[in-house]
Amino acid sequence: MSLITSPESILHIALHAMDRTADPRLRTLISSLTKHLHEFVLENQLTEQEFERALQFLVGIGQATGKNTNEVVLAADILGVSSLVSTINNLDSSGASFAALLGPFWRANAPICEWGENISRTDLGGQAMEVHGSIFDEDGGLVSGATIDVWHSSPVGFYENQDEHQEDMNLRGRFKTNAQGEFFFKTIRPAGYPVPTNGPCGELLRAQDRHPNRPAHIHFMISKEGYKVLITQVFDGSDEHLLSDPVFGVSKHLVGSFKVDEVTGVCHLIHNFILQSGEMRFPAPPIP
Ligand code: BEZ
Ligand code: FE
């Protein structure tokens, strides 16, 4: 180990100290992160006060994370990092991605539902909605027996875990595709909603003069043995915030057509998905 001779020399010494990291991927990632952080500090000539503020932000997002929200995930989301990771890991052979960020509100073990079941189990009013779709593999074949895990916000924009008026697991459910690779469920039309703004991420959004409102959407997590788990969202194409999602989740393939039947008043969405071959691996739930 050598002695520090200049600000720039610290990076070299730090990287040398990490050389013995046994796991090669960990060595690569932490070395690269360290290099970028040192470059960031030098490029911006970070002051001691700014450094202290940055550390306070990190402590703050940890402390604000709890049973009902995950501010650490939210921080990655509002910086566009979650969307970037999701996109680079789910590109198909034509360079398209049908995936979107998980967000902080997925819960494991949503109720298992029958074909066509209604996941709106608490009467919240709102517009009735029916969602249909088909699941394809990369060769255009239909995928039967896939699990479609769905979750979304209420007609006033609250997930069940944020709202004492909704029963546990309301607006959440797991469905199976039939022999033709199709799924069908009933629900109520979700509204857009603000990402949580009462913690450090809200403070950052305000400092950046950014609004917190996500366009209305339904989350999907589609899985079957032999395929990569597809985590995605389908957005209401008529939402005013479609082009200014604070977490950068809206891509071309994920704009849905929420069509209201003028006779019945029911909102219909038909959306198909493509699964890629791979290992079926589920994420860790951001909230319990
Ligand atoms: C969501 O879609 O559930 C979500 C995603 C990012 C931040 C907040 C909420
Ligand atoms: Fe959401």
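Since this is a predicted model, take the numbers as computed values, not measurements. Counting convention: from 1, in listed order, for ligands and their atoms alike.
The protein heavy atom nearest to atom 2 (O) of ligand 1 is Arg214 NH1, 2.5 Å. Ranking the protein heavy atoms by distance from atom 6 (C) of ligand 1 puts Asp77 OD2, 3.1 Å first.
Connection of Ile222 to Leu269 is established within a shared hydrophobic cluster, with ILVMFWY side chains joined at heavy-atom distances below 4.5 Å, either directly or through further cluster members. Placement of Trp106 and Met169 in two distinct hydrophobic clusters is found when ILVMFWY residues are connected by side-chain heavy-atom separations under 4.5 Å, directly or transitively. Phe220 and Met129 end up in the same hydrophobic cluster when Ile, Leu, Val, Met, Phe, Trp and Tyr side chains are linked at under 4.5 Å. Taken together through direct or relayed side-chain contacts under 4.5 Å among Ile, Leu, Val, Met, Phe, Trp and Tyr, Leu74 and Leu101 form part of one hydrophobic cluster.
Using a cut-off of 2.8 Å, one finds that Gln233 contributes no N/O/S atom close to the Fe ion (ligand 2). Among the backbone and side-chain atoms of Tyr159, an N/O/S atom is found under 2.8 Å from the Fe ion (ligand 2). Residue His219 counts as close to the Fe ion (ligand 2), with an N, O or S atom under 2.8 Å.
Around atom 1 (C) of ligand 1, the closest heavy atom drawn from Phe235, Trp151, Tyr193 belongs to Tyr193. Summarising the contacts of atom 8 (C) of ligand 1 with Pro194, Pro104, Pro212, the nearest heavy atom is found in Pro104.
The minimum distance between the Fe ion (ligand 2) and any N, O or S atom of His217 involves atom NE2.
Residue Leu74 has at least one heavy-atom neighbour below 4.0 Å for each of these atoms of ligand 1: 7 (C), 8 (C). Short contacts between ligand 1 and Val247, defined as distances under 4.0 Å to a heavy atom of the residue, involve ligand atoms 6 (C), 7 (C). Counting atoms of ligand 1 from 1 in the listed order, those under 4.0 Å from a heavy atom of His219 are 1 (C), 2 (O), 3 (O).
Once rounded to the nearest 0.5 Å, the distance linking OG of Ser223 with CZ of Arg281 reads 13.0 Å.
Taking the six-membered ring for Trp and the full ring otherwise, His36 and His38 have centroids separated by 6.0 Å or more. With ring centers used as reference points, Tyr159 lies under 6.0 Å from Tyr193. Remark: aromatic rings of Phe185 and Phe175 are close, center separation under 6.0 Å.
Looking at Ile78 against ligand 1, nothing comes within 4.0 Å, counting heavy atoms.
Ligand 1 lies within reach of Tyr159, whose nearest heavy atom is under 4.0 Å from it. Ligand 1 has no atom lying under 4.0 Å from any heavy atom of Trp106.
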Point to revise | Steps toward ring pair (Phe, Tyr, Trp, His ring centres under 6.0 Å) verdict (His241, His211) | key: CA-CA 9 Å; His241 297 117; His211 77 72; 4.6 Å; yes
